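See below for the structure under consideration.
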Amino acid sequence: MSSDFEAYEQDFGTLTAEVTNKIGRIPKLGGEEKTQLVLNVDKQLEEVRELLEQMDLEVREIPIQSRGMYNNRLKSYRQEVEKLEKDFKRSRIAYSDEVRNELLGDDGSSSESQRAHLLDNTEKLERSSRRLEAGYQIAVETEQVGQEILSNLHSDREKIQRARERLRETDANLGKSSRILTGMLRRIIQNRILLFALGAFILLTIVLALYFNLRGH
């Protein structure tokens with residue numbers, strides 16, 4: 001598994017080196033040539049981000065005891081990509097002295113303040129974007145928590161309903177058992193009454209038999 005990670009590392013190193021070289025060339029170009037190079041760098045940065053995702057997936061498959069070293073390397077690569085992205089944004093609005101003079105002529109000195117203003121606006125946009133992403137992430141996490149709570153409530157509701165059904169069944173069984181026991185008790189009492197009556201009849205018969213027998217003698 002680590003061999004796959006190292007293979008991605010090699011591709012990452014090669015690609016970031018190319019991107020760094022091209023970012024340095026962007027301010028020296030103008031017109032269509034600069035536009036094409038910007039598009040090419042943007043595409044390669046997307047490939048770099050995909051490599052980071054692949055390395056992250058590989059790290060997740062590495063045993064926990066060996067994962068720390070790879071996580072540190074992955075963290076440094078993320079920081080490197082963040083720096084490249086910032087350099088890329090600056091390079092798109094930056095011009096070399098030669099290109100700036102061609103574009104602005106005698107107004108080259110005033111472009112420095114404009115460039116600083118553009119860089120400041122870019123930083124503000126980046127901060128706003130990060131805040132929006134953080135807010136979106138919080139909203140997603142809140143939605144997930146809400147869904148989990150709703151799922152748990154639904155599960156608890158089903159459990160309560162099943163418990164109520166079992167209680168109803170238990171009540172019905174208890175009622176049925178009570179009726180059966182009452183019937184059995186009634187039959188026992190009837191049987192005992194019959195036994196007492198039969199015993200009294202037999203006893204009376206014996207007494208009468210003895211009486212008439214003694215009287216005959």
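This is a predicted model, so every value here is computed, not measured. No hydrogens, no waters, no symmetry mates; every other heavy atom, side chains included, goes into these values.
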Exercise. Going hydrophobic residue to hydrophobic residue with side-chain gaps under 4.5 angstrom, can you get from I188 over to I180?
Worked result: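 No, I188 does not connect to I180 through the hydrophobic network.
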For this session: Find out if a path of hydrophobic residues (ILVMFWY) with successive side-chain heavy-atom gaps under 4.5 Å connects L181 to I189.
Result: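 No.
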Check residues 74-83 and write down every donor-acceptor pair under 3.5 Å in which the side-chain atom is one partner and the other belongs to a residue at least two apart or another chain.
from	atom 1	to	atom 2	distance (Å)
S76	OG	R73	O	2.6
Y77	OH	E9	OE2	2.5
R78	NH2	D56	OD1	3.2
K83	NZ	D87	OD2	3.0

Exercise. Do you know the tightest heavy-atom contact between V48 and F12?
Worked result: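 Heavy atoms only, the tightest pair is CG1-CE1, 3.5 Å.
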For this session: With sequence neighbours excluded, tell me which residues meet side-chain hydrogen bond (donor to acceptor under 3.5 Å, both in side chains) with Q36.
Result: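 Only E32 meet the side-chain hydrogen bond (donor to acceptor under 3.5 Å, both in side chains) criterion with Q36.
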Problem set entry | Pair E47-L51, side-chain contact (heavy atoms from CB on, under 4.5 Å): steps then yes or no | CA-CA 6 Å; E47 293 176 5; L51 281 173; 5.8 Å; no
Problem set entry | CD (E18) with more than 12 external heavy atoms under 6.0 Å |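 Check passes, neighbour count above 12.
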Exercise. Got L52 and Y8 here, is their nearest side-chain heavy-atom distance under 4.5 Å?
Worked result: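 Counting from C-beta outward, L52 and Y8 never come under 4.5 Å.
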To the nearest 0.5 angstrom, please state how far the [atom1] atom of [X] sits from the [atom2] atom of [Y].
{"X": "E158", "Y": "L153", "atom1": "CD", "atom2": "CG", "result": "11.5 Å"}
{"X": "N40", "Y": "K22", "atom1": "CG", "atom2": "NZ", "result": "3.5 Å"}
{"X": "I23", "Y": "R92", "atom1": "CD1", "atom2": "CZ", "result": "9.5 Å"}
{"X": "D11", "Y": "T16", "atom1": "CG", "atom2": "OG1", "result": "10.5 Å"}
{"X": "R49", "Y": "L45", "atom1": "CZ", "atom2": "CG", "result": "5.5 Å"}
{"X": "L203", "Y": "L208", "atom1": "CG", "atom2": "CG", "result": "9.5 Å"}

Problem set entry | Pairing of R162 and E165 as salt bridge, 4.0 angstrom limit |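 Answer for the salt bridge query: no.
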For this session: Without swapping roles, check the side chain of N21 against the backbone of A17 for a donor-acceptor pair under 3.5 Å.
Result: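 A pair under 3.5 Å: no.
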For this session: Could you tell me whether a side-chain N or O of S178 sits under 3.5 Å from a main-chain N or O of G175, the two making a donor and an acceptor?
Result: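 No, because the side chain of S178 does not come within donor-acceptor range (under 3.5 Å) of the backbone of G175.
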For this session: Run the numbers on E53 and L57 for side-chain contact (heavy atoms from CB on, under 4.5 Å), then give the verdict.
Result: CA-CA 6 Å; E53 291 178 2; L57 292 174; 5.6 Å; no
Problem set entry | Trace of the side-chain contact (heavy atoms from CB on, under 4.5 Å) decision for T170 with L174 | CA-CA 6 Å; T170 302; L174 286 174; 4.1 Å; yes
For this session: Mind jotting down which residue pairs meet the salt bridge (Lys or Arg N to Asp or Glu O under 4.0 Å) criterion with at least one end in residues 199-214? Sequence neighbours excluded, please.
Result: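 Salt bridge (Lys or Arg N to Asp or Glu O under 4.0 Å) check on residues 199-214 returns no pairs.
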Exercise. Does F196 have R192 sitting over its ring (NZ/CZ under 6.0 Å from centre, angle to axis within 45°)?
Worked result: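 Not satisfied by the 6.0 Å and 45° rule.
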